[in-house]
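Report on one structure; see the data block that follows.
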Amino acid sequence: MRTWRLLRPFVLLWLRIRYGFRYDGSDRLVAIDGPMIVCLNHSNALDPLFTGVAFRRPLSFVASEHLLRIRPWGSLINRYFCLIPHKKGSGRTGTSQECLKHIERGESIYLCAEGEQTWDGISGSAKSHTGSFVKKSGATLVTYRIEGAYLARPRWSRLDRRGKIRAYPVQIYKPEALAQMSEEEIEEVINRDLDFNVWEWQKTQPGGPAAFKSGKRETAAGLEKAVCTCPVCKSIGQLTAKEDMIRCSCGFSIRWSETGFFEPGEPFETIADWEAFDRERIAGFLRGEQDSWPTDEGVTLRLISEGHKDAPLMRGALTLAGGSRPVMTIGVHSFELDTLERMAMILDNRIVFTAKGHYYELRAENTNLRKYLTAWEILQEGK
């Protein structure tokens with residue numbers, strides 16, 4: 001905790017210089033007594049920093065368990081920054097109970113209520129039971145909105161961009177007020193306060209959409225990890241991105257601009273439009289309307305065990321077979337997609353999932369793994 005107090009001024013200066021970050025409302029935050037739960041919209045991997053610098057007191061961070069499996073940095077991060085590990089893609093994780101223990105000690109919690117960093121710049125909804133956790137905690141709820149951070153470093157990109165990022169507390173809900181609200185009402189106010197669409201925000205900027213500049217040409221690199229279907233030939237997995245362009249082997253190409261909008265604005269204006277198209281095509285594959293699914297080479301399957309340990313089981317080609325029971329296969333390991341208990345994604349290159357009581361991770365550096373998660377989500381919606 002003391003480490004963060006010492007580092008905070010330097011982190012704030014770095015965020016301002018590198019990303020153009022500003023925050024408002026610190027006087028409102030300083031006046032809060034007792035523990036807080038700080039809920040925010042999750043749009044950038046650096047959101048813990050964009051949030052933490054606005055608070056004079058340290059925050060305990062609910063973070064993905066994979067951070068503790070990074071050697072040797074995981075143990076150092078856990079030692080100097082109070083992390084509450086959460087096992088994405090798993091069943092009962094005990095995360096809420098651990099958070100409550102921190103709050104009982106008078107500590108404050110940083111929480112991404114939607115559970116996932118956005119892929120398309122549009123905030124998601126609070127996870128179920130968020131309202132129950134907030135109500136049970138007896139802490140003050142702070143809804144904290146971050147605007148523009150998605151375009152500074154989209155989830156699919158490894159490139160930092162400097163532009164316009166603003167953060168501020170939307171509302172502060174005292175424990176007495178929360179006690180009078182139902183769990184559903186608490187989730188409703190969280191969703192309302194944190195509802196954010198970066199594309200609508202861009203269109204309302206004075207003088208036009210804000211530019212996010214990096215000084216490099218590789219602004220679209222990695223975009224093929226987020227979108228996967230060509231709008232012209234309809235093939236899945238044939239897209240490649242280089243410099244500021246994303247292309248398909250059929251000849252289609254489109255430019256990712258410094259404002260985040262595609263040029264030209266057809267067939268898609270934003271990545272959110274493209275992802276909606278991807279979802280339709282993947283649903284068509286699952287219904288048997290499309291036979292083609294790519295083979296993704298160089299994927300590693302790992303088994304995760306207690307104590308934040310993992311071990312490789314297989315490295316090879318990953319694919320998905322359609323039909324009435326779609327099967328995901330890598331080497332000798334096969335998983336019926338609709339029987340997986342949980343599935344989630346970490347960063348842009350890892351999928352974690354639970355199958356028959358075991359916790360697995362799929363990892364690949366240059367492959368769109370997200371299409372497998374999308375297929376699983378579609379199957380879950382149909383149940």
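Starting from 1, each residue takes its place in the sequence as its number.
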Exercise. Let me see the working for Leu111 and Cys99 under side-chain contact (heavy atoms from CB on, under 4.5 Å), right down to the final yes or no.
Key: CA-CA 10 Å; Leu111 179 67; Cys99 286; 5.7 Å; no
Atom of [X], atom of [Y] and distance for their closest heavy-atom approach:
{"X": "Ala364", "Y": "Val299", "value": "CB-CG2, 3.9 Å"}
{"X": "Pro169", "Y": "Val142", "value": "CB-CG1, 4.2 Å"}
{"X": "Arg350", "Y": "Glu361", "value": "CD-OE2, 3.5 Å"}
{"X": "Ala355", "Y": "Glu341", "value": "C-OE2, 4.2 Å"}
{"X": "Ile103", "Y": "Ala139", "value": "CG2-CB, 4.1 Å"}
{"X": "Leu100", "Y": "Ser137", "value": "CD2-CA, 3.7 Å"}

Exercise. Verify ring pair (Phe, Tyr, Trp, His ring centres under 6.0 Å) between Trp274 and Phe262, making sure each step is shown before the conclusion.
Key: CA-CA 10 Å; Trp274 198 329; Phe262 286 119; 5.5 Å; yes
Would you say the side chain of [Y] lies within less than 4.5 Å of the side chain of [X], judging by non-hydrogen atoms?
{"X": "Ile146", "Y": "Phe196", "result": "no"}
{"X": "Phe212", "Y": "Gln202", "result": "yes"}
{"X": "Thr118", "Y": "Asn41", "result": "no"}
{"X": "Phe21", "Y": "Val53", "result": "yes"}
{"X": "Asp278", "Y": "Arg370", "result": "no"}
{"X": "Phe252", "Y": "Pro267", "result": "yes"}
{"X": "Ile172", "Y": "Met36", "result": "no"}
{"X": "Val198", "Y": "Thr270", "result": "no"}

Quiz item: Other than Met245, which residues form its hydrophobic cluster under the rule that side-chain heavy atoms must be closer than 4.5 Å?
Solution: none
Quiz item: What residues join Tyr168 in its hydrophobic cluster, counting side-chain heavy atom gaps under 4.5 Å, either direct or through other members?
Solution: Val170
Quiz item: Going through the checks in order, is the side-chain contact (heavy atoms from CB on, under 4.5 Å) test met by Gln380 and Met343?
Solution: CA-CA 10 Å; Gln380 292 299 302; Met343 180 179 270; over 6 Å; no
Quiz prompt | Candidate pair Phe268 and Val227, rule side-chain contact (heavy atoms from CB on, under 4.5 Å), full reasoning | solution = CA-CA 12 Å; Phe268 309 116; Val227 296; over 6 Å; no
Exercise. May I have all residue pairs that pass salt bridge (Lys or Arg N to Asp or Glu O under 4.0 Å) and include part of residues 184-213, sequence neighbours excluded?
Key: Lys203-Glu269
Quiz item: If you look only at pairs with a residue in residues 231-243, which of them pass as a salt bridge (Lys or Arg N to Asp or Glu O under 4.0 Å), with sequence neighbours excluded?
Solution: Arg217-Glu243
Is the side chain of [X] donor-acceptor paired with the backbone N or O of [Y] at a distance under 3.5 Å, no angle test?
{"X": "Thr204", "Y": "Trp201", "result": "yes"}
{"X": "Thr130", "Y": "Lys127", "result": "yes"}
{"X": "Arg302", "Y": "Arg363", "result": "no"}
{"X": "Arg281", "Y": "Thr229", "result": "no"}
{"X": "Thr143", "Y": "Gln171", "result": "yes"}
{"X": "Asn191", "Y": "Ala126", "result": "yes"}
{"X": "Glu114", "Y": "His42", "result": "yes"}

Quick one: [atom1] on [X] to [atom2] on [Y], what's the gap to the nearest 0.5 Å?
{"X": "Trp119", "Y": "Leu373", "atom1": "CH2", "atom2": "CG", "answer": "8.5 Å"}
{"X": "Trp376", "Y": "Glu381", "atom1": "CH2", "atom2": "CD", "answer": "10.0 Å"}
{"X": "Asn366", "Y": "Glu224", "atom1": "CG", "atom2": "CD", "answer": "7.5 Å"}
{"X": "Phe353", "Y": "Ile304", "atom1": "CZ", "atom2": "CD1", "answer": "9.0 Å"}
{"X": "Leu337", "Y": "Leu379", "atom1": "CG", "atom2": "CG", "answer": "5.5 Å"}
{"X": "Leu286", "Y": "Leu320", "atom1": "CG", "atom2": "CG", "answer": "6.5 Å"}

Restricting to side-chain contact (heavy atoms from CB on, under 4.5 Å), what partner residues turn up for [X], sequence neighbours left out?
{"X": "Glu104", "result": "none"}
{"X": "Arg158", "result": "Arg153, Lys225, Asp348, Asn349, Glu365"}
{"X": "Ser214", "result": "Leu159, Arg161, Lys216, Thr219"}
{"X": "His358", "result": "Leu303, Tyr360"}

Self-check item: Sub-6.0 Å ring centroid separation between Tyr110 and Phe55
Solution: no
Quiz prompt | Set of ring-ring contact (aromatic ring centres under 6.0 Å, His included) partners for Tyr23, sequence neighbours left out | solution = none
Practice problem: Measure the acute angle between the ring planes of Trp14 and Tyr19, then classify it against the limits of 30° and 60° as parallel, tilted or perpendicular. | Solution: perpendicular
Quiz item: Would you find more than 12 non-hydrogen atoms of other residues, nucleotides or ligands less than 6.0 Å from Asp33 atom CG?
Solution: no
Exercise. For Glu176 and Lys174, run salt bridge (charged side-chain N to carboxylate O under 4.0 Å, His left out): C-alpha distance rounded to whole Å, both residues' side-chain angles, the deciding distance at 0.1 Å, then the answer.
Key: CA-CA 5 Å; Glu176 307 83 59; Lys174 295 293 185 180; over 6 Å; no
Among residues at least two apart in sequence or on other chains, which ones pass side chain to side chain donor-acceptor pair (under 3.5 Å) with [X]?
{"X": "Asp296", "answer": "Lys371, Tyr372"}
{"X": "Glu218", "answer": "none"}
{"X": "Ser123", "answer": "none"}

Quiz item: Could you walk me through whether Thr240 and Arg247 pass the side-chain hydrogen bond (donor to acceptor under 3.5 Å, both in side chains) check?
Solution: CA-CA 5 Å; Thr240 56; Arg247 299 178 171 86; over 6 Å; no
Quiz item: When you look at Leu151 and Trp199, which way does the side-chain contact (heavy atoms from CB on, under 4.5 Å) test go after all the steps?
Solution: CA-CA 10 Å; Leu151 293 172; Trp199 313 114; 3.9 Å; yes
Self-check item: Under-4.0 Å salt bridge between Glu183 and Lys135
Solution: no
Quiz item: Between Trp156 and Phe277, is there a shared hydrophobic cluster once you connect ILVMFWY residues whose side-chain heavy atoms come closer than 4.5 Å?
Solution: yes
Quiz item: Just checking, any donor-acceptor pair under 3.5 angstrom between side chains of Thr329 and Ser334?
Solution: yes
